[in-house]
*Asks:* 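Below is the structure I would like to discuss, written out as structure tokens.
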Amino acid sequence: MCSLIYTSVSSVFSRRSTYHWGTPSDSPPSDSPRFTILRGLERENFGLDHILVCCGFVTKTSEHQEDPSIIPSGTYLIGRLEISAKKDDPAAKFVKYQTIPRDPGSEGGMFMATQLSDECINTHSRCIPPQITSLPRRVLDVGSIVDDTIFLLISEDRKASYATLSYCWGGPQDIILSEGTWEAMTQGIALSELPKTIQDAVTVTRRLGLQYLWVDALCIKQDSARDWASECAKMANIYGNSTVTIAAAAGSDCNAGCFIKSSRYTDRRLIGIKLPLPDLSMGTIFFGVQNEYEPWKDPLHKRAWALQERLLSPRLLIYSLGNVSWQCQTKVQSIGIGSARLPDFFFKKAPANGQEIWQWNRQVSHHNSITLETFWLQISLDYCRRAITREHDRLPALSGIAKRFRDVTGDVYLAGLWKGTLCQGLMWHVGFALEPRSSIYQAPTWSWLSVQGPIFYANEKGARDSPLIEIINTETVLAGPDATGAVTSGKIKLRGQMKRARQKLDDELWGVGAESLVRAGHALLDHEPKFIDAMEGPLWCLRVSKDEGLLLKPSGEDYQRVGIFLSGLNRDNGVTGQTWFEDCEMQILTLV
């Protein structure tokens, strides 16, 4: 047992070059850290039964917001020992889960999947029970476990529970729904002809006791732009109303399958200890070091479409390398940069009467606008780091999440930004200068979705709390029926202060004065300087908050964004945003 504890601790230390021990006045010297071993049995928060290994006196961070009733204040959770028992052992009555199987597709793996699902549906008070809702327009009827054929079903508003699949295509698929194949698919599809990932998803759906499965390749006509646009606009409901989403996280293409073995788990060392049980019998409980799940290494979590598929789903059954895990509103697991789950009330249906509306508004107010603003910024940081095959899908692949935010907040969606927090949302910048924007229109230049690559945010607090621009009007022109989908153009008409500037060296920004240049701050360009210099017209600075703003270039009678600027970073010359713009009049302009 001591060896396992040491392994759980050392695995964390090996990932850190240094570790600093805090030392309260009543604690031992800093070279003698304390370790606290805590039981985490029967706690919904932690999923499987665990012994938690805590040490040190480090103050809690947002990265480790654990249950205070389990993790004492001032300790740092650095390891977990997994507790399990074999299905047929007497200890299985007292330890909730059997030993995690080495093969997620084995009988033991299927048993664990059904156990995780049943526990959520039957015991999780925070999770919305599965809804018997109208099926998506088309679903797959998976039949029974012994059937070797499945059928495409035109639902015609039939009501039932169903599962959805989140996976990587990895390129063209041989069998897809199209204008020429849909009638034949209603007569039957041989299971053996489908890609391995879809075959496995059918198997899981059947074992979970569900009859219907939604898969994009087989439920959306892939050769019909009209059908694709119509169904894409329904993603919020398709994933939001499903009983569970099966996430094939480890497969890089549709032929990889859900059940992928990994030496990371098959080589795991478990020790079995015979212990007396509460009913006076003897049983064997197994202990092992829990391997930390690193979702960003899985191909699925590098895919743009998968972000909304995860966030919109009330439950996820995740098949990663050699493992199966569960995620829901009760069992939260951090994935990517953004928050792991949408707030609970995002999964509730719209209230019907005045009392329910009052309760709804009161609940939403607990998540004030600042919290939801921050949540959306985190989503944008996560999304922009993911890959997408078709450039023009960047807005559609985020449309479902945008719909839920719109429905909850009542705000106006503007191609990746929100009207109520527009000043704050404008202050994004790229991590490094990029190539020019694509010739295929994706979004207005003021939207972070107009560039491809990681973005960051400047001091958005200043733009949020003390904006110095006045929004007069906003407009986006939709490309199709989806109110939060692709756009063909977008404009922001505003009133603000403008100054001409020039860029010198790498990032120095110089203001153009009446007699000479004055060093005004730093420029963070969206593109390499040579591309911006090639654009016609002078470089303009639009002040958004005290010492920050947008860099603009003329675009006909309007202006396009080319970056942001930060003034007041070098105060040797006395120039700040306040002093540089003090003699500048407000003017009206339009951003495109």
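Source: prediction; values computed, not measured. Heavy-atom basis, side chains included; hydrogens, waters and symmetry copies ignored.
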*Asks:* Any side-chain heavy-atom pair from I471 and L494 closer than 4.5 angstrom?
*Replies:*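 Of all side-chain heavy-atom pairs linking L494 with I471, at least one is under 4.5 Å.
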
*Asks:* Taking only distance into account, with no hydrogens and no angle test, what donor-acceptor pairs under 3.5 Å do side-chain atoms of residues 530-539 form with protein atoms, sequence neighbours excluded?
*Replies:*
none

*Asks:* Within the distance-only criterion (no hydrogens, no angle test), does the side chain of D344 pair as donor or acceptor with the backbone N or O of F347 below 3.5 angstrom?
*Replies:*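 No: the side chain of D344 does not pair with the backbone of F347.
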
*Asks:* Can the positive tip of R390 be found less than 6.0 Å from the middle of the six-membered ring of W169, inside 45° of the ring normal?
*Replies:*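 Not satisfied by the 6.0 Å and 45° rule.
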
*Asks:* To the nearest 0.5 Å, how far apart are OG in S447 and CG in L417?
*Replies:*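 Interatomic distance, S447 OG to L417 CG, rounded to 0.5 Å: 5.5 Å.
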
*Asks:* Side chain of S320, backbone of A250: donor and acceptor closer than 3.5 Å?
*Replies:*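 Answer holds: no.
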
*Asks:* Has W376 got a side-chain atom pairing as donor or acceptor with G416's backbone, closer than 3.5 angstrom?
*Replies:*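 Side chain of W376 to backbone of G416, a donor-acceptor pair under 3.5 Å: yes, one is there.
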
*Asks:* Are D298 and R303 close enough, and set up right, to give a salt bridge (charged side-chain N to carboxylate O under 4.0 Å, His left out), and what steps lead you there?
*Replies:* CA-CA 10 Å; D298 284 334; R303 175 177 170 260; over 6 Å; no

*Asks:* Give a yes or no answer on whether the side chain of Q222 reaches the backbone of D216 with a donor-acceptor pair at less than 3.5 Å.
*Replies:*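 Side chain of Q222 to backbone of D216, a donor-acceptor pair under 3.5 Å: yes, one is there.
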
*Asks:* Is there a donor-acceptor pair under 3.5 Å between the side chain of Q560 and the backbone N or O of T445?
*Replies:*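 Flag not set: sc Q560 to bb T445 has no pair under 3.5 Å.
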
*Asks:* Could you measure the distance from the NE2 atom of H392 to the CD atom of Q442? Nearest 0.5 Å is fine.
*Replies:*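 The distance works out to 9.5 Å.
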
*Asks:* Taking atom NZ of K553 as the centre, does the number of heavy atoms from other residues, nucleotides or ligands within less than 6.0 Å exceed 12?
*Replies:*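 Atom NZ in K553 is packed in, count exceeds 12.
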
*Asks:* Are the side chain of R394 and the backbone N or O of L449 linked by a donor-acceptor pair below 3.5 Å?
*Replies:*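 Yes, R394 side chain to L449 backbone: donor-acceptor pair under 3.5 Å.
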
*Asks:* Going from CG on L478 to CG on L395, what distance comes out if it is rounded to the nearest 0.5 angstrom?
*Replies:*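 Taking CG in L478 and CG in L395, the distance rounds to 10.0 Å.
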
*Asks:* Can a donor-acceptor pair be found between the side chains of K403 and T484 at a distance below 3.5 Å?
*Replies:*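 The answer is yes; a qualifying pair exists.
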
*Asks:* Please report the interatomic distance CZ(F432) to CZ(F456), rounded to the nearest 0.5 Å.
*Replies:*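 The distance works out to 8.5 Å.
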
*Asks:* May I ask you to check if R502 and F565 form a cation-pi contact, with NZ or CZ under 6.0 angstrom from the six-membered ring centre and within 45° of the axis?
*Replies:*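 So R502 doesn't make the cation-pi contact.
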
*Asks:* Examine distances only and state if a side-chain atom of W428 and a backbone atom of I564 form a donor-acceptor pair shorter than 3.5 Å.
*Replies:*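 No.
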
*Asks:* Salt-bridged, D583 to K499, with N to O below 4.0 Å?
*Replies:*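 K499 and D583: salt-bridged.
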
*Asks:* Let me confirm one number: the CG-CG distance from L312 to L307, rounded to the nearest 0.5 Å.
*Replies:*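 If I round to the nearest 0.5 Å, the distance is 8.5 Å.
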
*Asks:* Okay, side chain of R385, backbone of L381: is any donor-acceptor separation there less than 3.5 Å?
*Replies:*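 At least one qualifying donor-acceptor pair exists.
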
*Asks:* Do W418 and Y413 have their ring centres less than 6.0 Å from each other?
*Replies:*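 Close enough - the centres of the two rings lie under 6.0 Å apart.
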
*Asks:* Rounded to the nearest 0.5 Å, what's the gap from CD on E309 to OH on Y239? Could you check?
*Replies:*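 Between atom CD of E309 and atom OH of Y239 there are 3.5 Å.
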
